[in-house]
Number of protein chains: 2
Amino acid sequence: MPGHPSHLRADARDNRQRILDAAREAFATRGLGVPMAAVARRAGVGMATLYRRFPSRESLITEVFADELTVCASMVDEALADPDPWHGFRAAIEKVCAMQVTDRGFTEAFLTAFPEAVDYERARTRVEEGFGEVVRRAKAAGRLRADFAMADLMLLLKANCAIATGPEEEAAAASRRLVAYLLQSFRAEHAEPLPPAPPLTLDKLISPPAR
Amino acid sequence: MPGHPSHLRADARDNRQRILDAAREAFATRGLGVPMAAVARRAGVGMATLYRRFPSRESLITEVFADELTVCASMVDEALADPDPWHGFRAAIEKVCAMQVTDRGFTEAFLTAFPEAVDYERARTRVEEGFGEVVRRAKAAGRLRADFAMADLMLLLKANCAIATGPEEEAAAASRRLVAYLLQSFRAEHAEPLPPAPPLTLDKLISPPAR
DNA sequence: GACTAAATGGATACCGCTGTCCACTTACGT
DNA sequence: ACGTAAGTGGACAGCGGTATCCATTTAGTC
């Protein structure tokens, strides 16, 4: 694993970080699929540097995504710390969806699994398990409908991802409204019967290699 | 406008139709963005033929999409003929969403406006107005919440579009569940306050030129 | 059946993006 | 200070896709 920051010369380590920052920004504004050259230029490094550090586009995406997943994990922690389980559930969902709107790269990455990543894998399961606990508590409190499935979270994220395209102002409004609609349906009070949940999990659901 | 079928030699007219059929099929299975050469091969014609008939990829998409919009319009007509306004509303939405799942090209096309098309424009407004009437009647019957906006339909379609990717079986299940959730929220009975609707219409909402 | 304009297909020029190679530069131990 | 290995940037070959050109074939008319 040559990507690891340890054992790197000081300047190389510096450049590595610059690349990650540039990539995050580029992915956020222009989506994954942005030319590698654009990332390199933005970072102020040459192609070779970029490719030595991140041999494939996927490895770069993976690394950037791992960082963002960490942010995500902290949101889940906040939700767990909330004394009101439903409020925690609701706030976590609203925050992640808002994040998808502002950061297009994050959005796409969420939909494009990269099974290789290791750190990423750990953060992911941490998020999954943490959120599972949030769900359990909200159900126990009688606020979240009992037939809510984790796959429904995926459903919401995927849906919101589509909403998150286009001019940011509109996208934000649209996302808020979609989330409000769905949160209302998630409430236990007026639950109506549903078709079965699809067999989707955070990794399984995804469209294969994007392109 | 060289695209028009009239005044074409018989064989040319025939080939034009073969291209449209091939394109519809190719778009449906492999998405818009399928290589033009693949469409040509599938239609059993050369590149030149394809490009003479449809000078740009967009013009081809537009034409195919116009046909599919017609199907869509007939669904709206069915909804209008339904004596139960809410049932009509519900059935129309379920049908269109199911169509998005089976036909990936249609889905993408729905998200990628092409303002130039003329026939397309007519079919579109026909669908919009027809569905507007469906909505009006469902509201009048007290079954659809009063603050439902046409933009909410766009919201649903865009969301469902993201759901419609991946293996068809899973996608279908996921779509059914999403639609069920949203339809529940659309019902007047238990309506809760919502954030304002985004200013989206069928053409306005769209992300600019796809790629 | 013969003539002509329309229609055709495949070869081809072209373009943008990826990923590699190599001659030069720089950090760091001594 | 200086040697060396690590690091660097830009040039470049390869690839997959688009759009065009032109020699050949074919439909429709007399």
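- Side-chain atoms of Arg9(B) lie closest to dA6(C) of the nucleotides dA6(C), dT20(C), dT8(D).
- A straight line from CG of Leu60(A) to P of dT18(C) spans 11 Å, rounded to a whole angstrom.
- One finds no side-chain N or O of Thr49(A) lying less than 4.0 angstrom from the OP1 or OP2 phosphate oxygen of dG7(D).
- An OP1 or OP2 oxygen of dG7(D) is reached within less than 4.0 angstrom by no side-chain nitrogen or oxygen of Arg13(A).
- Panel note: side chain Arg137(A), backbone Leu80(A); a donor-acceptor pair is recorded below 3.5 Å.
- Taking atom OH of Tyr51(B) as the reference point, atom P of dC22(D) lies 18 Å away to the nearest angstrom.
- Residue Asn15(B) is tested with Gln17(B), Arg18(B), Arg13(B) for a side-chain contact (heavy atoms from CB on, under 4.5 Å); the sole match is Arg18(B).
- Place Val34(B) and Ala10(B) on DNA chain D by their nearest nucleotides, and Val34(B) ends up nearer the 5' end.
- Across the protein-nucleic acid pair, Asp14(B) atom CG and dA6(C) atom C1' stand 15 Å apart, rounded to whole Å.
- With the nearest nucleotide of DNA chain D identified for both Ala37(B) and Asp11(B), Ala37(B) has the one nearer the 5' end.
- Side-chain atoms of Met47(A) lie closest to dA11(D) of the nucleotides dG10(C), dT18(D), dA11(D).
- Between Arg57(A) and Val45(B), the residue anchored closer to the 5' end of DNA chain C is Val45(B), taking for each the nucleotide with the nearest heavy atom.
- Neither OP1 nor OP2 of dA7(C) sits under 4.0 Å from any side-chain N or O of Asn15(B).
- Across the protein-nucleic acid pair, Phe54(A) atom CZ and dG19(C) atom P stand 14 Å apart, rounded to whole Å.
- Atom C1' of nucleotide dA19(D) and atom CD of Glu58(B) are separated by 15 Å, given to the nearest angstrom.
- Nucleotide dA7(C) holds its P atom 15 Å from the CZ atom of Arg18(B), rounded to whole Å.
- Each of Pro35(A) and Ala48(B) has a nearest nucleotide on DNA chain C; the 5'-most of these lies closest to Ala48(B).
- Distance CZ (Arg53(A)) to C1' (dT20(C)): 16 Å, rounded to an integer number of Å.
- Crowding of Glu133(A) atom CD: a count of heavy atoms from other residues, nucleotides or ligands under 6.0 Å exceeding 12.
- Rounding to whole angstrom units, CZ of residue Arg52(B) and C1' of dC21(D) are separated by 11 Å.
- Between Glu63(A) and Arg53(A), none of the side-chain N atoms (NZ, or NE/NH1/NH2) sits under 4.0 Å from a carboxylate O, so this pair counts as no salt bridge.
- Here Tyr181(B) and Tyr181(A) keep their ring centres 6.0 angstrom or further from each other.
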